[in-house]
> 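Just passing along the structure, written as structure tokens.
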4 protein chains.
Amino acid sequence: MLAAALALAGEQGVGGLSMDAIARRAGVSKETLYRWWPSKADVVLDALAERGRETIPLPDTGSLREDLRRFLRATVDSAEPGTVRLLHALAAASAADESTALQVRDRFLATRRSDLGQLLGRAVARGELASSHADLAIDLIYGCMWYRLIFRIGQLDYGWADSVADVIAPEPSARQGEGPTR
Amino acid sequence: MLAAALALAGEQGVGGLSMDAIARRAGVSKETLYRWWPSKADVVLDALAERGRETIPLPDTGSLREDLRRFLRATVDSAEPGTVRLLHALAAASAADESTALQVRDRFLATRRSDLGQLLGRAVARGELASSHADLAIDLIYGCMWYRLIFRIGQLDYGWADSVADVIAPEPSARQGEGPTR
Amino acid sequence: MLAAALALAGEQGVGGLSMDAIARRAGVSKETLYRWWPSKADVVLDALAERGRETIPLPDTGSLREDLRRFLRATVDSAEPGTVRLLHALAAASAADESTALQVRDRFLATRRSDLGQLLGRAVARGELASSHADLAIDLIYGCMWYRLIFRIGQLDYGWADSVADVIAPEPSARQGEGPTR
Amino acid sequence: MLAAALALAGEQGVGGLSMDAIARRAGVSKETLYRWWPSKADVVLDALAERGRETIPLPDTGSLREDLRRFLRATVDSAEPGTVRLLHALAAASAADESTALQVRDRFLATRRSDLGQLLGRAVARGELASSHADLAIDLIYGCMWYRLIFRIGQLDYGWADSVADVIAPEPSARQGEGPTR
DNA sequence: CGGTAAGCGAGACGGTACGTCTTGTCTTATT
DNA sequence: AATAAGACAAGACGTACCGTCTCGCTTACCG
């Protein structure tokens, strides 16, 4: 039933996604759909929550820089076209409606954020990162990712992953202003 | 005519925005609307482009940290409720449709990005910032902002502005891992 | 259980009468309702049969004219608003569906028809009425009544009752064309 | 457009008549249907009004009895199965809803009633009928007809037509109670 | 100066989706 | 075995919006 929603959302994007169509595809009556989910957003959200359970393994190499590189590269790897379309759906629904945004935040983003938070927390414990920066780093990193996704700023590839890791956790030898620019 | 679009978008959010309503409000026939803009997204986009011309003054204090603080605080100041709703509209439309996203990127985000790019460019010239980080910094900063806006992660206030400035341009005395934590 | 049907039919008219509502009101499951009556019409019909048992006393004054006046006046008296609504329901269901009509005819109208038939039969026996007219008179009288009810032609009052009696059983002195008009 | 309504009503009876179906059949959008008629009843009513314009010629033989026979026989002739189904629809809608009934009465029944009224009026002028009976006779005659139609009391055939004529306008020689029975 | 074209308001139209309602069947759990 | 509770497929309801279309009416330009 959620599968139908996912399939349709993946096929035609988010705009072309109607309750009628989901019901038709799922071989289910519209009434039943509405019995279980009050709105289209909730269906999509639940459908995504299902898929969203596949988590990204948390690396623990002892180095924040290395951990971040691996984590972000894995994140990049998980972004197949279908998934990206669903993320677009999520963003669109969240931007358009506050209560949807809150649900997305608490039911979908939260686990990702806490994953990254854990990774950064270890770095703070090791003294690699100012604790005052840890929380904001989560927003910066995921923010950057969503921003590029939503507005199609550019590809999310390994280069991007490494660059972000580099900004958040610069190479020990490197000092700001003395970078590879020289 | 675009004013009607803006007004309605500001009033009822993005979802409750129909071409019919815009036409009615503007005292204009739907036909005329369609003669000038091929789709709803384009109307909203043009309407926003109008408002979006109000730029934020670029500070130049000689210190990246200080420049960023002022720029971001000014950005925060400009975010009245009406404007925020319009940004939500923009994000929703961009997430939902690729070609809209491209237009938004090139006609709306671009000026903001180049503003910030200029500010960061000066810092690179002064040796305060690795040039390799400058471009990414734009994504990180604006990404963080949009991310928090779209998913209602938290307020965009002066505290946030200063924190971001602090991460991108740390206090000279501070060294990572030697933050105020210890 | 039938009481619930009657109550609801009386309250909101016939249109706003659903099996769901009857079941809910009766504190009974829909399944049970369907176990006992195959369709909504049957429920209403049975409910009416209950009420319909209250018969109108047959007068026997020895004069057709007087008998008719009394019988029709009593009929008029029995038509309270709730009852009228139920009669409307009956007519609507009968008009819409043949098998319902047959049931209504045989289970509801029949007793009324035979009552009136008895009254007219006595008049035939007394030589007051041509036997060939007796059967048709039933249709004329009841037809007139239903016609006025269904199409809201006018009130069913004592005036109407007396007029009908007058047409079916004219005053002995009166000759057609020499009526009270003169 | 009304044709579709008529066709469907004629095919499946009144119950199986939905706005959706009419729109589909007429190759028209539901919106358009609702733009022109506020409710299903109004569509059917208008559709019937179209057909209802075919009037029955008013005979004028100089004898009420003969006029009535001819008029009622012609009425009987006009009752093909399709028409009868539509009359059933009319009756059902009228019984179920007061405002519909009023419209039916004023827009559909009225012309028939005035036709018959004219016929009877001539008889009154000739002294064949008490003027006080004329109005009621309309109700009796049409009432009888509808009554038999709605509740499927019996066929409407020439026999019925002649009998009704006989009751309303008895043979001059005949005296009540001295009918052909004896 | 008068004829013709372009732009406009108004709004009807075919479609599609919405979210609600009712129908009649079915299943589950209780009694 | 009968029941209440209520899920379910089907599909109609009346409304909203989309994007296209056809009307007249008004300008304003050009012959």
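In this text the structure is predicted, and so the values were computed from the model without any measurement. What you see below is based on every heavy atom in this structure, not just the backbone, and it leaves out hydrogens, waters and symmetry mates. Residue numbers start from 1 in every chain, and the chains themselves are labelled A, B, ... in the order their sequence lines are given, proteins ahead of strands.
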> Between P on F/dG14 and CH2 on D/Trp37, what's the gap in Å once rounded to a whole number?
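That distance rounds to 15 Å.
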> Please give, in whole Å, the distance from F/dA7 P to C/Asp20 CG?
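After rounding, the gap between these two atoms is 12 Å.
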> Figure out the CD/C1' separation between D/Glu31 and F/dC17, and round it to whole Å.
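Going from CD in D/Glu31 over to C1' in F/dC17 covers 9 Å.
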> Under the side chain to side chain contact (heavy atoms under 4.5 Å, CB included) criterion, do D/Trp36 and D/Val28 qualify, and how do the steps go?
CA-CA 12 Å; D/Trp36 295 97; D/Val28 133; over 6 Å; no
> Between B/Asp42 (CG) and F/dC18 (C1'), how many Å, whole number?
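In whole Å, F/dC18 C1' lies 15 Å from B/Asp42 CG.
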> Please state how far atom CZ in A/Arg25 lies from atom C1' in F/dA9, giving the value in whole angstrom units.
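In whole Å, F/dA9 C1' lies 19 Å from A/Arg25 CZ.
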> Both D/Ala21 and C/Thr32 contact DNA chain F. Which one's nearest nucleotide lies toward the 5' end?
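Mapping each residue to its closest nucleotide by heavy atoms, the 5'-most match is C/Thr32.
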> Dump the intermediate steps for side chain to side chain contact (heavy atoms under 4.5 Å, CB included) on B/Phe151 and A/Leu109, then the final yes or no.
CA-CA 9 Å; B/Phe151 298 111; A/Leu109 302 184; 3.4 Å; yes
> For D/Gly27 and for A/Met19, find the nucleotide of DNA chain E with the closest heavy atom, then tell me which residue's nucleotide is more 5'.
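The answer here is D/Gly27.
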> Does a side-chain N or O of C/Trp36 approach OP1 or OP2 of F/dA2 to a distance below 4.0 Å, or not?
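It does not, given that no N or O in the side chain of C/Trp36 lies less than 4.0 Å from OP1 or OP2 of F/dA2.
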> Can you give the first and last nucleotides of DNA chain E, 5' to 3', that have an atom under 4.0 Å from a heavy atom of chain C?
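With heavy atoms of chain C under 4.0 Å away, the range is E/dT22 to E/dT27.
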> Is there a side-chain contact between C/Ser39 and C/Asp42 (heavy atoms, below 4.5 Å)?
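They are in contact (side-chain heavy atoms under 4.5 Å apart), so the answer is yes.
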> The test is side chain to side chain contact (heavy atoms under 4.5 Å, CB included); show your working for B/Tyr142 and A/Tyr147 and say whether it passes.
CA-CA 8 Å; B/Tyr142 276 129; A/Tyr147 179 62; 3.7 Å; yes
> Please tell me which of D/Ser29 and C/Arg24 maps to the more 5' nucleotide of DNA chain E, matching each residue to the nucleotide holding its nearest heavy atom.
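Here D/Ser29 is the residue nearer the 5' end.
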> Using whole Å, what does the distance between atom P of nucleotide F/dG6 and atom CG of C/Leu33 come to?
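So the two atoms are 16 Å apart, to the nearest Å.
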> Mind calculating the distance between CZ (D/Arg35) and P (F/dG14) to the nearest angstrom?
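Interatomic distance, CZ of D/Arg35 to P of F/dG14: 16 Å.
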> Starting from P on F/dC8, measure out to OH on C/Tyr34 and report it in whole angstrom.
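Atom OH in C/Tyr34 sits about 18 Å away from atom P in F/dC8.
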> On the nucleotide F/dA16, are OP1 or OP2 found under 4.0 Å from the side-chain N or O atoms that B/Ser18 carries?
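Answer no for this pair, as no side-chain N or O of B/Ser18 is under 4.0 Å from OP1 or OP2.
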> Quick check for you: to the nearest 0.5 Å, what is the distance between B/Lys40 atom NZ and B/Leu45 atom CG?
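Here the rounded value is 14.0 Å.
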> Is there side-chain contact between C/Asp46 and C/Trp37, with at least one heavy-atom pair below 4.5 Å?
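Yes, their side chains come closer than 4.5 Å.
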> Report the C-alpha distance between B/Val104 and B/Thr100 in whole Å, list the side-chain angles of each, state the deciding distance to 0.1 Å, and finish with yes or no for side chain to side chain contact (heavy atoms under 4.5 Å, CB included).
CA-CA 6 Å; B/Val104 169; B/Thr100 302; 4.1 Å; yes
> According to a strict under-4.0 Å criterion, is C/Lys30 in side-chain N/O contact with OP1 or OP2 of F/dG6?
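Answer is no, no contact under 4.0 Å.
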